[in-house]
Protein chains: 2
Amino acid sequence: MTRETTSAKPPGRPRAGIDAEVFAATLKTVHELGYAGATMDRIAAAAGVAKTTIYRRWPSKGALITDCLVDTFGPLPPMPGSRAEYLAAAIDLAATKIGQPGVGAAFAGVFVDAVSDAGLREILSTRLQAPYLRALQDALGEPEDRILLFVDITVGTLLHRMGMTGAPMVEADVAALTEMILRHFAERA
Amino acid sequence: MTRETTSAKPPGRPRAGIDAEVFAATLKTVHELGYAGATMDRIAAAAGVAKTTIYRRWPSKGALITDCLVDTFGPLPPMPGSRAEYLAAAIDLAATKIGQPGVGAAFAGVFVDAVSDAGLREILSTRLQAPYLRALQDALGEPEDRILLFVDITVGTLLHRMGMTGAPMVEADVAALTEMILRHFAERA
DNA sequence: TCGGTATCGCTACCATTGGTAGCGAAACTG
DNA sequence: CAGTTTCGCTACCAATGGTAGCGATACCGA
């Protein structure tokens, strides 16, 4: 994940493999101090890396957070037997990841920054959301607007709970949410 | 809404009635420049008021936005005939208001600021969310966790759409969302 | 009309934070 | 060793939320 696919051998000092440390430091700092409190200086310090080094790799704080989320979420699990199982797995993945320390706050933070920053919105949409939309569309064969609604409901609900209470959604509520969504999306449009 | 209930007559120069102008300027500025671009200086300028005057009434930007939202949303309409109609009316109110220029962005912005600011979370929860929770609970007679889930789904979905696309949810999707929610919440727990 | 009081607008100011420039040192290739 | 690139560091800038203090202004009561 952290290796480029360019097989050339560039001259000069090679880049140190700091992505894992920086991502971990980012989530830890956001978890402890919140999105606003997670200063680039603090993230750099927590990662044991100079701030300028971070800015050499990520053009902005939003881009760093986005890549951190991409790294955290990972790819969607492969399509299991039924449509319902696939949808349930996707909801479960979202709930699990968003509930991890720092992930929900980081997601919500970059999400809102993106509202007022077209460049960041582009990054967020391209790097984080688009792959999932495509995977869902391929697996379900549904029109795009239904996929979008599914994502809005799933992610929006989980983030809202995280933001309002500061704590991830309890399992019982995730189950209720899943049941409601499945009843609506189980059969094709 | 903007008048205190203390019926005493305090001495000194009375406060000018600027709430309406400030609220309008806030939404207009957020709409045009986004949440991050809506500087307190710019809001004050748009309202034709000094920044210090705003800070004399609202202790922080988050508090101002919250009061602006409280003013925008207003009270829930009275309970109509059926439970389903009441739920549908609440969803419709949320969708309509969040779709108004600046409201969705302002909501999302203050929402995320609240994640990392306990004081603001208190303000947001007390002044904006609590009244609606109570009204819904009184009207529906449901346990609190179900009310919370209903609000998470409704508001979270609408905000997520606003944030990701920058545009309010189209009517067809609101209708689909309403139908899904009603099927789940129509009968009591 | 005049004092008391509280607000208004204004300017100046501070601390924080995202982001940048430039430097010498380090690491790798050939 | 020369060339190249990255690293850490310090210093720095612009923007922004928020504050302090000023003279001016509007209202009340005597």
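The analysis underlying the following values was restricted to heavy atoms, covering all of them including side chains, and did not include hydrogens, waters or symmetry mates. Throughout, a chain's letter reflects where its sequence line sits, starting with A, and its residues are numbered from 1. These numbers were taken from a predicted model, which means no experiment stands behind them.
Listed by first then second residue, pairs satisfying salt bridge (charged side-chain N to carboxylate O under 4.0 Å, His left out) with a partner in residues 88-114 of chain A number zero, not counting sequence neighbours.
For the pair B:Val103/B:Met162, no side-chain contact is recorded, criterion being any heavy-atom separation below 4.5 Å from C-beta on. Side-chain contact check for A:Glu21 versus A:Val49: every heavy-atom pair is 4.5 Å or farther apart. The shortest distance between side-chain heavy atoms of B:Val151 and B:Leu136 falls below 4.5 Å.
A straight line from CG of B:Leu64 to C1' of D:dG18 spans 13 Å, rounded to a whole angstrom. One interatomic measurement links the two molecules: OH of B:Tyr55 to P of D:dT16, which rounds to 12 Å at whole-angstrom precision. Rounding to whole angstrom units, CZ of residue A:Arg15 and P of D:dT6 are separated by 5 Å.
Residues B:Ala38 and B:Pro14 both approach DNA chain D. Their nearest nucleotides, taken by heavy-atom distance, put B:Ala38 toward the 5′ side.
Direction of the helix axis in the helix from C:dT1-D:dA30 to C:dG30-D:dC1 shifts by 10° between the two five-pair termini, rounded to 10°.
Salt bridge A:Glu32/A:Arg42: absent, no basic N to carboxylate O contact under 4.0 Å.
Read 5' to 3', the first and last nucleotides of DNA chain C with an atom closer than 4.0 Å to a heavy atom of chain B are C:dT5 to C:dT11.
Using a 4.0 Å cut-off on heavy atoms, none of the residues of residues 117-124 of chain A approach DNA chain C. A heavy-atom distance below 4.0 Å to DNA chain C is reached by these residues of residues 42-54 of chain A, ordered by number: A:Arg42, A:Lys51, A:Thr52.
Below 30°, between 30° and 60°, or above 60°: for A:His160 and B:Phe111 the angle between ring planes is below 30°, a parallel geometry.
B:Thr39 contributes no side-chain N or O that, together with a main-chain N or O of B:Asp41, makes up a donor-acceptor pair within less than 3.5 Å. A donor-acceptor pair under 3.5 Å is formed between the side chain of A:Arg83 and the backbone N or O of A:Leu140.
Evaluation of atom-type donor-acceptor distances gives a pair under 3.5 Å for the side chain of A:Arg13 against the base of D:dT6.
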Intermediate values then yes/no, ring pair (Phe, Tyr, Trp, His ring centres under 6.0 Å), B:His184 and B:Phe150: CA-CA 10 Å; B:His184 189 83; B:Phe150 168 74; over 10 Å; no
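For B:Arg134, there are no side-chain hydrogen bond (donor to acceptor under 3.5 Å, both in side chains) partners two or more places apart in sequence or in a different chain.
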